[in-house]
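None of the values given here were measured: they were computed from a predicted structure. So you know, we letter chains A, B, ... as the sequences are listed, proteins then strands, and number each from 1.
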Protein chains: 2
Amino acid sequence: MQSFTEENYLKTIYNLASKQQGEVSTNALAEMTATKAASVTDMLRKLADKQLIHYKKYQGVRLTEEGERLALQIIRRHRLWEVFLVQKLGFGWDEVHEMAEELEHIRSEELVVRLDTFLGHPQFDPHGDPIPTPTGQMPEMGYRKLSDAVAGEAVCLRAVMEHSTEFLQHLNHSGLTLGSIVTVSEINAFDKSVLVQIGNDRTVFVSHEVAKNLLVS
Amino acid sequence: MQSFTEENYLKTIYNLASKQQGEVSTNALAEMTATKAASVTDMLRKLADKQLIHYKKYQGVRLTEEGERLALQIIRRHRLWEVFLVQKLGFGWDEVHEMAEELEHIRSEELVVRLDTFLGHPQFDPHGDPIPTPTGQMPEMGYRKLSDAVAGEAVCLRAVMEHSTEFLQHLNHSGLTLGSIVTVSEINAFDKSVLVQIGNDRTVFVSHEVAKNLLVS
DNA sequence: ATAAAAATTTAGGCAAGCCTAAATTTTTAG
DNA sequence: CTAAAAATTTAGGCTTGCCTAAATTTTTAT
């Protein structure tokens, strides 16, 4: 059985690894867990002892098969709770991250099974992220970033890669919601910002920084 | 802000105090929290420093007004989650205690408000215990113990004072459910066990140990 | 009333997770 | 290629909440 803290490290390693090539660095983990690098090193030694990560000093870290299984279990719980908070309790998608961070650690296999059934076996969380299967498979969606679309393309907004309240409220404000069809009408050659038309309605400005965090298909 | 552990002590002090006269003892707390008396003493000093309890060495402990307010907040959360687990997820009343022990510590005022609304503002948890109001009042029910009923009396089963899986499964087995009307047909003078008829159906044997933990009106 | 028993507290320690400062290794820039 | 910069690890410490053993206080039984 892992501690609350160990679970958070596993989840964070998975999330960082899925956004990059190769091993996850100590510093990246320190930033994500809001701790210092020295603390991360302590924990990595511990997780390596438990065979949950592959770790060589100074060389970064990668989950073992068992570590990945556990990480996906935690991510599954996190995403199911987010669906609950939004669909059943009526929270906004910008309000649920912190609560789900706590709920994901509730220790009961049966609870997850029943919650999943209660929610109707959802495939995606409110941010468009796929929910890992009970057996620990992460569905591969093959989305692209909006920032990689070319002028004239019409794409469907599928997911967001950033879950902060500020970012999501900014999207609310722009009228960008998951499932909308947006057409890229213009790409600024200098700052790579884009103008997109939402459906047949208004056209909004999207900075490159934001477009990089929007997944489309 | 209190730690997970501090919250558990406050809740436990409240629960013990409500079942007895006067101050709560160190030993009683040690038993309930599954720790040793020395550990309890440490925590009592800490809670006293925070003005959450009245504490004089060797003299037991009692919640301050603020301590009671916090305790009732935690108990409210615990009982609302129990309702959720039973009514929405379909767990048995004998399965939910452990999970609610964890869920009660989720830190979000808004979550409690929305959960309460989602559940339809329930008055009682699955064990028949009243749910404290949002403002921190514990409804006074004035129930008696079944063990205090006299022969011939017909009473309604309202609540259980023991939440262990074993106890509740024993009740399931006996067919004793909350809301049933039971008639005391016989009281054994030697061991104080009682025979009760459930509605107009079967008559079951109830030991004094069990009858002491059943609240009726 | 007092000695034994029970309850409680104090003293000193341990593990988990965090920290800072210093040492080490790796990476980068010139 | 090498020196400086950056990243990482080690060393030593802190806090929380727990423990055991010993000391103290309260309660109980004679």
Side-chain angles (χ1 to χ4, degrees), chain A residues 1-13 16-17 19-63 67 70-71 74 98 101-102 104-105 107, chain B residues 1-13 16-17 19-63 67 70-71 74 98 101-102 104-105 107:
Chain A
M1 189 92 309
Q2 298 67 236
S3 71
F4 188 105
T5 308
E6 288 168 337
E7 289 192 350
N8 279 333
Y9 273 89
L10 292 175
K11 178 189 63 174
T12 305
I13 293 168
L16 286 172
K19 287 182 191 164
Q20 54 165 65
Q21 288 292 312
E23 335 295 295
V24 173
S25 77
T26 301
N27 265 0
L29 281 166
E31 191 187 329
M32 289 292 285
T33 56
T35 62
K36 299 305 168 87
S39 308
V40 172
T41 300
D42 285 348
M43 182 57 79
L44 294 185
R45 205 173 41 67
K46 192 169 159 193
L47 293 174
D49 286 350
K50 293 194 176 188
Q51 318 239 53
L52 299 176
I53 58 174
H54 294 293
Y55 173 53
K56 283 204 210 78
K57 287 202 299 191
Y58 297 100
Q59 304 303 313
V61 77
R62 172 167 66 79
L63 293 173
L70 291 171
I74 297 151
E98 292 302 311
E101 289 288 296
E102 300 189 47
E104 73 191 5
H105 300 291
R107 282 163 211 295
Chain B
M1 190 90 306
Q2 300 66 236
S3 70
F4 189 105
T5 308
E6 287 168 338
E7 289 192 351
N8 280 332
Y9 272 89
L10 291 175
K11 180 189 61 176
T12 305
I13 293 167
L16 285 172
K19 287 183 190 164
Q20 54 165 65
Q21 288 292 311
E23 335 296 295
V24 173
S25 76
T26 300
N27 266 0
L29 280 166
E31 190 187 330
M32 290 291 286
T33 56
T35 62
K36 299 306 167 86
S39 309
V40 172
T41 301
D42 285 348
M43 182 56 80
L44 294 185
R45 205 173 41 67
K46 191 170 161 192
L47 293 173
D49 286 350
K50 293 194 176 188
Q51 319 240 47
L52 299 175
I53 58 174
H54 294 292
Y55 172 53
K56 284 204 210 77
K57 286 202 297 189
Y58 297 100
Q59 304 302 314
V61 77
R62 172 166 65 79
L63 293 173
L70 291 171
I74 298 151
E98 293 302 312
E101 288 287 297
E102 300 189 46
E104 74 191 3
H105 300 290
R107 283 163 211 295

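When the side-chain contact (heavy atoms from CB on, under 4.5 Å) test is applied to Thr41(A), the partners found at least two apart in sequence or on another chain are Thr26(A), Tyr55(A). With sequence neighbours excluded, the residues that form a side-chain contact (heavy atoms from CB on, under 4.5 Å) with Ala28(B) are Leu16(B), Ser25(B). A search for side-chain contact (heavy atoms from CB on, under 4.5 Å) contacts involving Arg107(B) returns Glu102(A), Met1(B), Glu7(B), not counting sequence neighbours. With sequence neighbours excluded, the residues satisfying ring pair (Phe, Tyr, Trp, His ring centres under 6.0 Å) with Phe4(B) are His105(B).
Contacts of Phe4(B) with the nucleic acid, taken as non-hydrogen atoms under 4.0 Å apart, are absent. Residue Thr5(A) is in sugar-phosphate contact alone, with no base atom involved, counting any heavy-atom pair closer than 4.0 Å across all strands shown. Nucleic acid contact class of Asp42(B) (heavy atoms, under 4.0 Å, all strands): base. Among the atoms of the strands shown, only primed sugar atoms or phosphate atoms (P, OP1, OP2) are found under 4.0 Å from some heavy atom of Thr35(B).
Within the structure, salt bridge (charged side-chain N to carboxylate O under 4.0 Å, His left out) contacts touching residues 22-41 of chain B (residues at least two apart or in different chains) are Glu23(B)-Arg62(B).
Map Arg45(B) and Met43(A) each onto its nearest nucleotide of DNA chain C; the residue landing nearer the 5' end is Arg45(B).
In this model, the phosphate group of dT9(D) is approached by a side-chain N or O of Thr26(A) to a distance below 4.0 Å at OP1 or OP2. Close to dA6(D), at under 4.0 Å from its OP1 or OP2, lies no side-chain N or O of Asn27(A).
Ion pair Lys11(B)/Glu101(B) flagged as a salt bridge, since at least one NZ, NE, NH1 or NH2 atom sits closer than 4.0 Å to an Asp/Glu carboxylate oxygen.
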Contact string for nucleotides 20-26 of chain C, one letter per nucleotide 5' to 3', B = base within protein heavy-atom range under 4.0 Å, S = sugar-phosphate only, - = neither, reads B---BSS
